[in-house]
Structures are given as structure tokens and as C-alpha cells.
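To start, the structure itself, in C-alpha cells.
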There are 2 protein chains.
Amino acid sequence: MAQSDTVDRILDAAEELFAERGFSETSLRMITSKAKVNLAAVNYHFGSKNALIHAVFARFLTPFSATLETAFDDLEERCDGNPPTLNQTLWALTESAIRMPQRNERGISIFMRLLGLAYTQSQGHLRKFLEQEYSQPFGRFMRLLKEATPELTAVDRYWRIQFMLGATAFTMSSSDALRDILQNKLGVETSVQEIAARLVPFLAAGMQAPDKLLAPPPESKVSVA
Amino acid sequence: MAQSDTVDRILDAAEELFAERGFSETSLRMITSKAKVNLAAVNYHFGSKNALIHAVFARFLTPFSATLETAFDDLEERCDGNPPTLNQTLWALTESAIRMPQRNERGISIFMRLLGLAYTQSQGHLRKFLEQEYSQPFGRFMRLLKEATPELTAVDRYWRIQFMLGATAFTMSSSDALRDILQNKLGVETSVQEIAARLVPFLAAGMQAPDKLLAPPPESKVSVA
DNA sequence: CGAGTCTTCAAACGTATGTTTCAAACAGAC
DNA sequence: GTCTGTTTGAAACATACGTTTGAAGACTCG
């Protein structure tokens with residue numbers, strides 16, 4: 001074990017536990033005992049718990065954002081000049097995620113869940129870290145979305161992007177549990193690829209829905225104030 | 001102060017702090033000092049921190065589920081015989097949430113955020129509590145969704161419901177933060193009602209999207225395995 | 001081999017948490 | 001007014017946390 005596989009053992013254990021239980025609900029002692037590593041190793045190798053959290057994200061996000069950049073490059077080249085469609089953009093993102101080399105078969109769903117938690121748990125330091133570390137591919141994705149939906153106002157687009165993010169992060173993050181339920185209730189097996197194949201059309205349809213209604217449909221007796 | 005307004009002061013403070021910071025990130029000392037109440041009062045009146053969390057949810061959720069039941073009653077009566085449409089069902093839910101009597105103007109958004117956190121933070125006790133306490137209106141909502149989308153297979157419907165839940169829970173659980181970002185970037189104010197008015201069409205369109213694609217669109221060079 | 005560096009280990013530190021204790025203050029009934 | 005049950009108060013409890021320490025171990029390279 002040349003260059004301390006302690007670091008990787010810690011990262012593996014932390015990644016899994018954070019995804020399962022959240023950040024503040026996971027203690028360093030849980031991580032180190034799952035990783036079969038001494039408690040002090042975390043502070044020795046990473047400096048602090050927060051720095052460990054950052055490292056967990058960086059280990060996945062750095063190669064992923066590289067993959068994503070080349071996928072976007074390919075896409076824009078293929079469309080030469082014309083802006084890529086919404087479907088193409090969403091698929092470029094989805095395929096980049098699916099095709100990332102995974103440490104294990106749960107890799108994607110674990111990471112989706114972590115991303116969801118990052119957005120949801122109010123860990124100020126994490127949001128700051130992600131923003132300043134990965135603003136470029138994120139901004140590029142946003143720009144592609146904008147060009148693919150020129151009919152939307154900036155505000156409408158903003159909110160619909162949030163809805164997409166939510167549906168994706170939520171579904172992917174709990175997809176293990178959901179897959180199990182589905183198998184028990186309906187006797188169906190589902191792969192991450194199939195979930196993505198169902199999710200993308202859902203997102204695209206939502207993104208391109210007709211204008212927002214400011215009130216409930218006319219059939220309804222009650223109106224919104 | 002006849003019947004101990006201590007209880008309500010604690011509930012108010014807890015509700016607000018939980019929504020702001022999450023459950024495990026909020027200590028009893030923060031709550032009691034914000035409520036200007038002795039620390040021991042929480043355990044005296046509620047028994048434990050978990051029981052306090054349950055009480056915060058029950059205070060909102062119990063009247064809400066009653067409101068929701070009558071909204072569903074109204075809706076089904078108005079449709080006499082025919083199953084309500086998807087839009088009608090979603091709006092019945094949304095309006096019931098919006099029209100709930102609020103303790104203050106932030107009432108809805110606080111509670112939406114709490115619901116999002118409940119789904120998102122894996123607080124086992126909370127999920128168990130909510131499931132066994134409010135399974136009836138939830139089941140009824142699911143049944144209405146099923147009748148409103150007879151064209152979907154059970155599996156498709158299952159996944160799309162997850163997508164809807166995700167978009168909703170995620171958006172609501174970070175809606176304050178998102179609103180702030182929006183206000184800073186675009187200088188727009190957004191009320192919960194407006195978010196809902198944008199969310200419902202998005203969900204309805206996604207729910208009724210054309211059949212899932214099993215592969216990326218033909219323009220794409222890469223195919224899913 | 002042995003000096004020097006990097007890594008592990010057990011133990012402790014200081015702090016914060018949820019919960020308990022028990023006496024004091026209070027309320028309403030007689 | 002006094003008694004009884006309920007509510008508050010300050011303090012302590014036990015436990016868990018992130019982090020630090022300093023010595024022991026392992027490894028590299030001359």
C-alpha cells in the first residue's frame with residue numbers, strides 16, 4: 001500500500017455515510033470505524049471535517065466536470081452554429097453522468113444524493129466551495145439551457161431549472177430505495193439508465209410546458225388571491 | 001396566560017429555527033433562548049426533542065389534512081362520477097396548502113421547507129411518524145393521481161410521481177434561498193403562490209409527457225448501453 | 001544499518017448536546 | 001390562608017462531538 005490507501009478508505013466510507021445520513025448526522029467516529037482507520041487520520045490527512053466533505057465532492061466532481069466539458073464541446077461542434085436543442089443538452093448531461101467510471105454500481109445515485117444534500121442542508125461552506133470550484137461547467141450548462149429555451153422569460157426559466165434539479169436530485173438520490181419498492185410492488189427491475197430514460201422526457205416536457213397559469217383552471221370554483 | 005403559552009412560544013421558535021437550519025443543526029438551547037423560555041421546558045412539555053419535532057409537524061399537518069380531505073370531497077362531488085383531471089387534483093392540493101390559515105406571512109414557505117426537509121433529511125423517526133399519522137390523505141391523493149392518468153402504465157406513473165415529489169420537495173425545501181438568489185440576480189420578488197403557479201403547470205406537463213424514450217434522440221452520436 | 005520523514009495509534013482536551021434533578025414559584029379549590 | 005398539583009428555574013449529568021497531542025511504528029534513502 002504505497003501511497004496510503006487510508007485516504008481512499010476514508011473517502012469511500014465518508015461518501016457512503018454522508019449520502020445515507022447527511023453531513024452533520026455523520027460523525028468522524030462513524031467514518032473512521034467504517035473505514036477501519038484511526039480517528040485522528042481524518043484530521044491528519046484532510047485537516048478538518050469540512051475539508052473532508054469538500055474532498056468527497058472534489059473526487060467525483062472534478063473528473064465529472066471535465067467529462068461534461070468535452071461532451072458539451074462535442075455537442076456544440078456537432079450542431080455547428082445552431083444552439084443545441086433542450087433534449088440534446090439534457091442528454092449530454094445525463095450521458096456524462098452515466099458514463100462516468102464508477103467505483104461501484106451505486107456510484108451515481110450516491111452522488112446525486114450528495115448533490116441534493118449539498119443544496120438542501122444549509123452547509124454554507126459547501127455551497128461556497130462548490131460555487132467557486134465548479135462555476136464554469138455549471139454556467140455553461142445554464143447558457144445552453146437558455147439558448148435551448150429562448151421562448152421562456154428569465155424568471156420562468158430560472159424556476160423551471162430549479163424544478164428540474166429537484167426532480168433529478170431527489171429521484172437519483174433515493175433511486176435505490178425506489179427501485180426496491182418498485183420491484184416489490186410491481187415486480188419490475190429498473191436500471192439507472194432506464195430511470196434517466198424516463199426522467200429526461202419528463203423534464204423536457206415540464207421545461208417546455210405552456211405558459212404558467214396565474215390562477216387555477218376555470219373548472220375550479222376557488223381562485224388564487 | 002391561562003394555558004401556558006410557553007408551549008406555543010416553543011413551537012413558534014422551533015418551527016422557525018428548524019426551517020432555517022434543519023433539525024439536527026438546531027439545538028434545544030437555540031430554541032429555548034429564542035422562545036425566551038427555560039431549557040427544561042421542552043422536555044417538560046414535550047418529553048424529548050424528537051417529540052417536539054413531531055409536535056411542530058402535527059400543529060400544521062393535522063388541520064391541513066382535514067382541509068385537504070374536504071377539498072378532495074368538494075372536487076369529487078363537483079365532478080360527480082367522472083374522475084377529476086390531473087390539473088384539478090394538483091390545484092386542489094396546492095390551494096389547500098395556500099389557503100391554510102397562517103400564523104404569519106411566511107407560514108406556508110416555512111412549512112413547505114419543513115416538509116422538504118422531512119423528506120430529505122433521513123430522520124427515521126419523523127418519516128415513521130408522518131407515515132402512520134397521515135397515510136389516509138396521502139393515499140387518497142395517490143388514488144386521484146392514478147385515476148387522472150389512466151393512459152400511463154403503473155411503472156411510468158410510479159416514476160413520474162417520484163419526479164413530481166422531487167421537484168416539489170426540493171424546490172420548497174430551499175425556496176427561501178432560491179428566492180433570495182432570484183431577487184439578487186434578477187431583482188424579482190416571488191411569493192409562494194407564484195412559485196406554486198409555476199410549479200403546477202410544470203408538473204402537469206411532465207406527468208403527461210409523451211412516452212418515454214429508451215435511447216437518446218437520433219441526433220446524438222452516443223447511445224445508452 | 002541508521003537518520004529522517006511520513007503515518008498510525010491511544011488517549012486526552014474542550015465544548016456542545018439532550019436530558020434529569022430538585023427546589024422554588026405559581027395556580028386554583030376549599 | 002393553606003393545601004395540592006402544575007409549571008418554571010438554575011444547575012448538574014452523562015454522553016458525543018471535532019480536534020489536538022505526543023509517543024510509537026513504518027518507510028525511504030544515503
Side-chain angles (χ1 to χ4, degrees), chain A residues 1-59 114 117-118 121-126 128-129, chain B residues 1-59 114 117-118 121-126 128-129:
Chain A
M1 42 199 75
Q3 172 79 353
S4 160
D5 78 337
T6 301
V7 169
D8 290 303
R9 297 245 297 285
I10 292 176
L11 285 173
D12 288 340
E15 179 178 289
E16 208 155 329
L17 286 172
F18 284 152
E20 262 173 36
R21 321 176 26 96
F23 303 110
S24 13
E25 293 85 353
T26 303
S27 74
L28 292 186
R29 284 167 175 85
M30 293 178 196
I31 294 171
T32 53
S33 85
K34 170 163 191 153
K36 295 199 177 82
V37 145
N38 187 274
L39 169 62
V42 169
N43 284 280
Y44 175 75
H45 286 288
F46 297 94
S48 71
K49 183 181 180 182
N50 280 353
L52 170 61
I53 296 177
H54 297 173
V56 166
F57 276 85
R59 182 169 66 152
L114 286 180
L117 288 181
Q121 319 222 152
S122 49
Q123 301 262 5
H125 67 97
L126 221 192
K128 212 166 292 179
F129 169 77
Chain B
M1 39 199 76
Q3 174 77 355
S4 160
D5 79 337
T6 302
V7 169
D8 290 301
R9 298 245 296 285
I10 293 176
L11 285 173
D12 288 340
E15 181 177 287
E16 207 156 330
L17 286 172
F18 285 152
E20 262 173 34
R21 321 177 27 96
F23 302 111
S24 15
E25 292 86 351
T26 303
S27 72
L28 292 186
R29 284 168 176 83
M30 293 178 196
I31 295 171
T32 53
S33 85
K34 170 163 190 152
K36 296 200 177 81
V37 147
N38 187 275
L39 169 61
V42 169
N43 284 279
Y44 175 75
H45 285 289
F46 297 94
S48 71
K49 184 183 180 180
N50 281 354
L52 169 62
I53 296 177
H54 297 174
V56 167
F57 276 85
R59 181 167 68 150
L114 287 180
L117 288 181
Q121 322 219 155
S122 49
Q123 301 262 4
H125 67 96
L126 220 193
K128 210 166 293 178
F129 169 77

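Computed from a predicted structure; not experimentally measured. Here is how names work: the chains are called A, B, and so on, in the same order as the sequence lines, proteins then strands, and each is numbered from 1.
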| task | Report yes if at least one side-chain N or O of A:T6 is closer than 4.0 Å to OP1 or OP2 of C:dT7; otherwise report no. | result | no
| query | Reckon A:S27 has a side-chain N or O less than 4.0 Å from the OP1 or OP2 of D:dA16? | reply | no
| note | 5'-most contact on DNA chain C (nearest-nucleotide basis), B:S48 vs A:A41, goes to A:A41
[X] [atom1] to [N] [atom2]: how many Å, rounded?
| X | N | atom1 | atom2 | answer |
| --- | --- | --- | --- | --- |
| A:H45 | C:dT8 | NE2 | C1' | 8 Å |
| B:L39 | C:dC22 | CG | C1' | 15 Å |
| B:N38 | C:dT19 | CG | C1' | 13 Å |
| A:K49 | C:dA16 | NZ | P | 16 Å |
| B:M30 | C:dG18 | CE | C1' | 13 Å |
| B:D5 | C:dC26 | CG | P | 16 Å |
| A:I10 | D:dT19 | CD1 | P | 13 Å |
| B:N43 | D:dA11 | CG | C1' | 15 Å |

| message | Using a 4.0 Å heavy-atom cut-off, does A:A40 contact any base of the nucleic acid, only the sugar-phosphate backbone, or nothing at all? | response | base
| said: For a quick check of understanding: with a heavy-atom distance under 4.0 Å over all strands, which category does A:T32 fall into, base, sugar-phosphate or nothing? | reply: nothing
| request: To the nearest 0.5 Å, tell me how far B:I31 CD1 sits from B:D12 CG. | output: 11.5 Å
| query | What is the distance from atom CZ of A:F46 to atom CD1 of A:I10, rounded to the nearest 0.5 Å? | reply | 5.0 Å
| 5'-most by nearest nucleotide on DNA chain D - A:T26 or B:K36 | B:K36
| query | What class does the angle between the rings of A:H54 and A:F129 fall in, given that below 30° is parallel, 30 to 60° is tilted and above 60° is perpendicular? | reply | parallel
| field | Chi angles and distances behind the side chain to side chain contact (heavy atoms under 4.5 Å, CB included) call for A:N43, A:L52 | value | CA-CA 9 Å; A:N43 284 280; A:L52 170 61; over 6 Å; no
| query | Checking B:K36 side chain against B:R9 main chain: does a donor-acceptor pair fall under 3.5 Å? | reply | no
